[in-house]
Amino acid sequence: MTPHLRLSSSSLVRGRAPVMAAALAALLLAACGSPSTAPGGARDAVAESKAGALATRAAVRPMAPMAVGGSVLYAPSPTAIEVMRPPANTEKYGEISTNPVHEVAKEPVSTFSIDVDTGSYANVRRFLNDGRLPPVDAVRVEELINYFPYDYPRPAAGSPHPFGVSTEVAHSPWKADAQLVRIAIQAADRTLGSLPPANLVFLVDVSGSMQAPDKLPLVKRTLRLLTEQLRPQDRVTIITYASGEKLVLPPTPGSNKEAILSVVNALQAGGSTAGEAAIQMAYREAQKAWQRNGINRILLATDGDFNVGITDFNTLKGMVAEKRKSGVSLTTLGFGSGNYNERLMEQLADAGDGNYSYIDSEQEAKKVLRQQLTSTLATVAQDVKVQVEFNPATVSQYRLVGYENRLLRKEDFNNDQVDAGDIGAGHAVTALYEVIPAGRPGWVNDSRYQPRAAPAGHGNELAFVQLRYKPVGKSASVLMSTPVAVGAKPLAQASTDMRFATAVASYGQLLRGGQYTGSFGWNDAIALARGAQGADPFGLRKEFVDLAGVARSLSSKQGAQAPLQISR
């Protein structure tokens, strides 16, 4: 019998075996110029990885037998076959250079702006759930840590400050003799009913790039969740933009949910993306519906793929930074993959005095806009800065874990004209420093010629923490301060929150290459997190343990994976 070589549509499988599908397609292309199916079959075979690393689609038409050597192949005419590959991944991320080690004798002061964004965590989760490790620049460790709620001390009754500040010191699992200093900020929570009236502008990208199921359809489900919680005193305006911007819903009271949902449900995707003009329009409409002593906020829902009008990153960021002076804040909700501009989403929210979240599922939408709605909408402190001065008598070296794009100059701390991050009601903020006690070997060798710093006073202190913030609507900042006492406890005896935050910091650093984690690996991070789940009402910590397991598995196979090309 003369052998036949056939390829049916079931041979190319959608899902997690794209390499096999591509290999089969390549075999047929090499043999006869195209894939083939059984005679008379007219089928499409699709092979694509969820992460978009490799995808091949073959559309095949009726075949005619063709003799090749001693075999018979079924090959179409040159016009009967189409092989298509998707465009290269164009996701954009801001470059992150891991914070270096500093010597206390030379640089005793560290200053940074707080960060309550959580988008990096959900975006990293998306990569892991798709079976790929995230690009290094997608991993902002502080956003991973701050994704979770913690049981930190809140401001004491009668406190003039809107948040409490606490510290904890434990032995570091990453380097012998090192210690971890945790600075924790916990804002007072508020109920939804206690919030002032809200003037919300939904700015929705309905361009052609938003057609995918994880984009506009998920945006609509997200906005429905928010609409369900609107109060009669709230007002909603909806603006859409594609090839042009359009006011599709004038300011409408939250009691008229039917009108709001009718507009949301009717949203359709199509056209190019003119984002800059739409943002300008959103600020104008927010001003028209201004709520005095209320919440005035734009919620931008997009994949960030602006391609019409002003598209320059710095110009867009500068425009939003200027607009924030109007008192209207900008929150960004990122969606989708493949062309996602994470760099723009994160930086626009920072410039707009808002927060950035990445919505990868309806569950994440519920977390951001139901479970944490007051944190998302209501600001309790503005321009919050942290300055830590390390005591040279007790600390020789230090490094800040994360916050790379939040660093400030020493002199910025006292300058109320310098913008910093805002804290929402109920927000918890965590910062971790790894420090080397004086007299212990650190990352940097002692200088042969540079004399050691003279011992300072306060020998019972590791550091002195100062915070500056502006009360909402005020232009002058308020100063808070607290010392960090000497006395590190073993990590196993540290608080549950300290241990869990350390596990998440380990996870983030390992995803970034583990430059400073030493021999502490994935198994250690997972064991630490598993033993520090504590009260976990929404299952977020349990999910983290599972994600860390996925990351461990993918890391062990990293050498066999094709690199993901990311644009900046």
Side-chain angles (χ1 to χ4, degrees), residues 118-119 122-123 125-126 191-193 195 197-242 245-270 278 282 285-286 289 291 295-304 329-337 340 345 349 354-378 424 426 538-540:
T118 60
N123 191 35
R125 177 176 61 199
R126 184 251 301 185
T191 63
L192 181 60
L195 296 184
N199 163 32
L200 305 178
V201 177
F202 298 168
L203 180 55
V204 186
D205 182 352
V206 293
S207 63
S209 69
M210 294 291 289
Q211 290 179 338
D214 60 349
K215 295 188 179 182
L216 187 58
L218 184 54
V219 170
K220 293 163 72 171
R221 294 199 296 274
T222 300
L223 296 183
R224 290 186 197 112
L225 287 170
L226 179 54
T227 301
E228 289 171 2
Q229 300 177 87
L230 293 173
R231 306 161 301 171
Q233 63 265 40
D234 300 327
R235 296 290 183 272
V236 169
T237 302
I238 302 180
I239 297 171
T240 61
Y241 68 96
E245 62 281 358
K246 183 178 181 181
L247 177 65
V248 294
L249 182 73
T252 300
S255 56
N256 194 353
K257 291 180 173 54
E258 183 177 349
I260 298 170
L261 290 174
S262 176
V263 171
V264 170
N265 292 335
L267 296 175
Q268 299 280 339
E285 294 300 322
Q291 287 276 13
I295 297 169
N296 296 277
R297 187 174 294 256
I298 298 167
L299 292 96
L300 170 61
T302 177
D303 58 13
S329 57
L330 173 69
T331 284
T332 59
L333 304 175
F335 294 84
S337 62
Y340 183 54
M345 292 294 92
N355 40 353
Y356 157 61
S357 298
Y358 178 80
I359 309 296
D360 61 336
S361 64
E362 189 166 350
Q363 180 180 355
E364 183 65 15
K366 290 178 181 177
K367 175 181 181 292
V368 174
L369 295 175
R370 179 180 290 172
Q371 299 163 9
Q372 300 175 347
L373 181 61
T374 57
S375 301
T376 301
L377 296 182
F538 302 113
L540 298 178

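Side-chain atoms are counted along with the backbone in the values below, which use heavy atoms only and exclude waters and symmetry mates. We're numbering straight along the sequence, starting at 1.
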Measuring from [X]:[atom1] to [Y]:[atom2], what's the distance to the nearest 0.5 Å?
X    : Y    : atom1 : atom2 : result
I260 : T237 : CD1   : OG1   : 9.5 Å
R370 : Q363 : CZ    : CD    : 11.5 Å
R297 : L377 : CZ    : CG    : 6.0 Å
E364 : T118 : CD    : OG1   : 6.0 Å
L267 : N265 : CG    : CG    : 8.0 Å
E285 : N199 : CD    : CG    : 10.0 Å

Specify the closest pair of heavy atoms between [X] and [Y], including all atoms of both residues, with the distance to one decimal.
X    : Y    : answer
A259 : T252 : CB-CG2, 4.5 Å
A242 : G270 : CB-O, 3.2 Å
A378 : L195 : CB-CD2, 3.5 Å
A301 : F335 : CB-CE1, 3.8 Å
T332 : A349 : OG1-CB, 3.5 Å
A289 : N296 : O-OD1, 4.4 Å

- Task: Starting from the C-alpha separation in whole Å, work towards a yes-or-no answer on side-chain contact (heavy atoms from CB on, under 4.5 Å) for L226 and V236.
- Result: CA-CA 10 Å; L226 179 54; V236 169; over 6 Å; no
- Message: If you apply the rule side-chain contact (heavy atoms from CB on, under 4.5 Å), what do you find for R125 with Y358, and how did you get there?
- Response: CA-CA 10 Å; R125 177 176 61 199; Y358 178 80; over 6 Å; no
Please answer whether the main-chain N or O of [Y] pairs with a side-chain N or O of [X] as donor and acceptor at a distance below 3.5 Å.
X    : Y    : result
K215 : D303 : no
N256 : P253 : no
E245 : A282 : no
R231 : L192 : yes
R235 : P251 : no
S262 : E258 : no

- Item | Exercise: do Q371 and K366 side chains pair donor with acceptor under 3.5 Å | no
- Task: Could you walk me through whether V206 and Y241 pass the side-chain contact (heavy atoms from CB on, under 4.5 Å) test, one step at a time?
- Result: CA-CA 6 Å; V206 293; Y241 68 96; 5.9 Å; no
- Flag the pair Y340 / R126 as yes when at least one side-chain heavy-atom distance between them is below 4.5 Å, and no otherwise.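 Yes, their side chains come closer than 4.5 Å.
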- Query: So L261 and E228, side-chain contact (heavy atoms from CB on, under 4.5 Å) or not? Walk me through it.
  - Reply: CA-CA 9 Å; L261 290 174; E228 289 171 2; 5.9 Å; no
- Single hit among T222, N123, D214, L369 for side-chain contact (heavy atoms from CB on, under 4.5 Å) with I359: T222
- Option among L300, I238, L330 that satisfies the side-chain contact (heavy atoms from CB on, under 4.5 Å) test with L203: L300
